[in-house]
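Read through the structure below, which is laid out as structure tokens, and then see the notes.
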Amino acid sequence: MAGADQEAVRNKQVTLKHYVSGFPKESDMCVITSSISLKIPQGSKDTVLLKNIYLSCDPYMRGRMSKSDSPSFVAPFQPGSLLNGYGVAKVVDSTHPNYEKGDLVWGFTGWEEYSLVTSPELLIKIQHTDAPLSYYTGILGMPGMTAYAGFYEVCSPKKGEYVYVSAASGAVGQLVGQFAKLVGCYVVGSAGSKEKVDLLTSKFGFDGAFNYKEEPDLDAALKRYFPEGIDIYFENVGGKMLDAVLLNMRLRGRIAVCGMISQYNLEKPEGVHNLMQVVGKRIRMEGFLAGDYYHLYSKYLDMILPFIKEGKMNYVEDVAEGIESAPAALVGLFSGKNVGKQLVLVDRQII
């Protein structure tokens, strides 16, 4: 006779209705209810059953909602299938030697209340629980590694350099700006509202900030904040912003290409017209993925955890509550509704 822990429980899930073109809408996704056993099926090796606590809303997920005929770094979602992405979870059951019931993990999980994970190598065990668990969707998770790798490893910053960060109040940008100040750089960021611009200077310590929506001439705006030019640009936006930045880069400047959110919902991506600047100014422009640098995660924790404890790093989160709120939270990223890192709290009872 099955024990209580083998009973099937309700499992709310977020699925993709159909491929998306243009800006995504809540109606492109739906929340369904299935059931799942709290015991891993007999004979399943190296499998972990998770109770999800937080889900991370990330801009790259937009690309996965469209049909793609060209190879990408991550596979697209399939219509009718479950969404997945980064999250924080608690192990309910495990047949994998590295995970035990009760362990806390972050990594790839389903957009659902419970997930049966057959590739637990995509999970990282949480060893430091003195920081908020939600931080593992952000400053202590993929966005943190993105900021760390792009700024330190790709751009090799030096004290006194001039740094510009677009989408600077987001999950990654807010960290890059603070890293730049810790190195001793001059840093300016752009964002899309007065509230976000104020955050950059008042909470994150940026030397300057501007609302790109209020700037009719981005080239002129950058010349106002960087009369001597830009040494490092942390690229989150693309399009017209990248074009303006190229005109303002200094000799041997570096551009870390993290993302291009202005292009994700366009049927036809905008062209970049000032690429010849790369030649004359000997600019190094490099795209990267956080996953390329996960082997440095322990090194990153050694750096960032003391900064958090000493109050040298601030981190702002925008938390939507309940899995039913996940579609709206994800869609909101592309109109700038979120202030700080957007995440979804799936289960308040575990934290």
Side-chain angles (χ1 to χ4, degrees), residues 52-61 85-89 104-109 123-155 157 163 165-183 185 187 189 191 196 199-206 209 234 236 256 258-259 261 288-320 329 333 338-346 351:
N52 292 315
I53 306 169
Y54 291 104
L55 300 176
S56 176
C57 297
D58 296 302
Y60 81 91
M61 296 176 73
Y86 284 94
V88 175
L104 293 165
V105 297
W106 73 271
F108 247 67
T109 187
L123 300 174
I124 297 174
K125 195 182 296 188
I126 294 173
Q127 308 286 1
H128 302 274
T129 55
D130 46 349
L133 276 182
S134 59
Y135 276 19
Y136 287 92
T137 67
I139 187 172
L140 296 178
M142 181 273 286
M145 280 303 299
T146 302
Y148 174 76
F151 187 62
Y152 289 102
E153 299 294 323
V154 175
C155 291
V163 178
V165 186
S166 57
S169 68
V172 175
Q174 59 178 289
L175 296 175
V176 175
Q178 293 178 82
F179 291 161
K181 292 308 299 177
L182 288 169
V183 171
C185 296
V187 60
K196 293 177 181 180
L199 262 181
L200 296 180
T201 53
S202 65
K203 194 170 186 70
F204 302 136
F206 283 59
F234 201 95
N236 288 306
C258 173
I261 196 169
F288 72 99
L289 298 175
D292 298 337
Y293 294 92
Y294 279 168
H295 63 284
L296 299 177
Y297 183 60
S298 61
K299 179 183 175 184
Y300 172 62
L301 288 183
D302 288 344
M303 181 194 87
I304 199 67
L305 285 169
F307 285 155
I308 294 173
K309 290 172 186 174
E310 294 162 16
K312 293 181 178 178
M313 292 292 298
N314 290 308
Y315 201 64
V316 172
E317 299 174 317
D318 195 326
V319 184
L333 288 178
N338 59 301
V339 178
K341 168 62 191 174
Q342 182 67 67
L343 60 143
V344 176
L345 172 58
V346 179
I351 58 173

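- Taking both residues in full, the closest heavy atoms of Gly189 and Phe206 are given as N-CD2, 3.4 Å, listed atom of the first, atom of the second, then distance.
- In plain terms, the two heavy atoms of Ala167 and Asn236 that are nearest each other are CB-CB, 3.7 Å.
- Counting all heavy atoms, side chain and backbone alike, Leu343 lies closest to Glu317 at CD2-CB, 3.8 Å.
- Separating the CG atom in Leu182 from the CE atom in Met303 is a distance of 7.5 Å, to the nearest 0.5 Å.
- Taking the ring pair (Phe, Tyr, Trp, His ring centres under 6.0 Å) definition, one finds that Tyr297 meets it with Trp106, sequence neighbours left out.
- Here OH of Tyr315 is found 13.0 Å from NZ of Lys203. Values are rounded to the nearest 0.5 Å.
- Of the possible polar contacts, none joining the Lys196 side chain to the Gly170 backbone as a donor-acceptor pair under 3.5 Å is found.
- Residue pairs meeting the salt bridge (Lys or Arg N to Asp or Glu O under 4.0 Å) criterion with at least one member in residues 134-147: none, sequence neighbours excluded.
- For Asp318 (side chain) and Val339 (main-chain N/O), a donor-acceptor pair under 3.5 Å exists by modelled atom type.
- Within the 4.5 Å cutoff, the side chain of Phe179 has heavy atoms near those of the Ile304 side chain.
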Leu200 and Ser169: CA distance, side-chain angles, deciding distance, side chain to side chain contact (heavy atoms under 4.5 Å, CB included) verdict: CA-CA 6 Å; Leu200 296 180; Ser169 68; 4.0 Å; yes

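- With sequence neighbours left out, the ring pair (Phe, Tyr, Trp, His ring centres under 6.0 Å) criterion links Tyr86 to Phe108.
- In this structure, Tyr293 and Val154 have side chains that are in contact, with non-hydrogen atoms separated by less than 4.5 Å.
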Using a 3.5 Å cut-off and no angle test, enumerate the donor-acceptor pairs between side-chain atoms of residues 145-153 and protein atoms at least two apart in sequence or in another chain.
unit_1 : atom_1 : unit_2 : atom_2 : d
Thr146 : OG1    : Met142 : O      : 2.8

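- In terms of modelled atom types and a separation under 3.5 Å, the side chain of Gln178 and the main chain of Asn314 share a donor-acceptor contact.
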task: Would you please test Phe288 and Cys258 for side chain to side chain contact (heavy atoms under 4.5 Å, CB included) and show each step?
output: CA-CA 6 Å; Phe288 72 99; Cys258 173; 4.1 Å; yes

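- Here the shortest heavy-atom pairing between Val88 and Leu133 reads CG2-O, 3.6 Å.
- In terms of heavy-atom proximity, Ala329 sits nearest to Val344 at CB-CG2, 4.1 Å.
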task: Could you check Tyr54 against Val346 for side chain to side chain contact (heavy atoms under 4.5 Å, CB included), going step by step and ending with a plain yes or no?
output: CA-CA 5 Å; Tyr54 291 104; Val346 179; over 6 Å; no

query: Which is it for Leu104 and Tyr136 under the side chain to side chain contact (heavy atoms under 4.5 Å, CB included) test, yes or no, and what are the steps along the way?
result: CA-CA 10 Å; Leu104 293 165; Tyr136 287 92; over 6 Å; no

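- The closest side-chain heavy-atom distance from Phe234 to Val163 is not below 4.5 Å.
- Checked against salt bridge (Lys or Arg N to Asp or Glu O under 4.0 Å), Lys341 has the following partners two or more places apart in sequence or in another chain: Asp58.
- Atom CG of Leu305 and atom CZ of Phe307 lie 11.0 Å apart (nearest 0.5 Å).
- Side-chain contact between Leu140 and Leu301: present, with at least one pair of heavy atoms (C-beta onward) separated by less than 4.5 Å.
- Considering only residues two or more places apart in sequence or on other chains, Asp130 meets the salt bridge (Lys or Arg N to Asp or Glu O under 4.0 Å) condition with Lys309.
- The minimum heavy-atom distance between Asn52 and Ala89, with the atom names listed, is OD1-CB, 3.5 Å.
- Residue Lys312 qualifies as open at atom NZ: its count of foreign heavy atoms under 6.0 Å is 12 or below.
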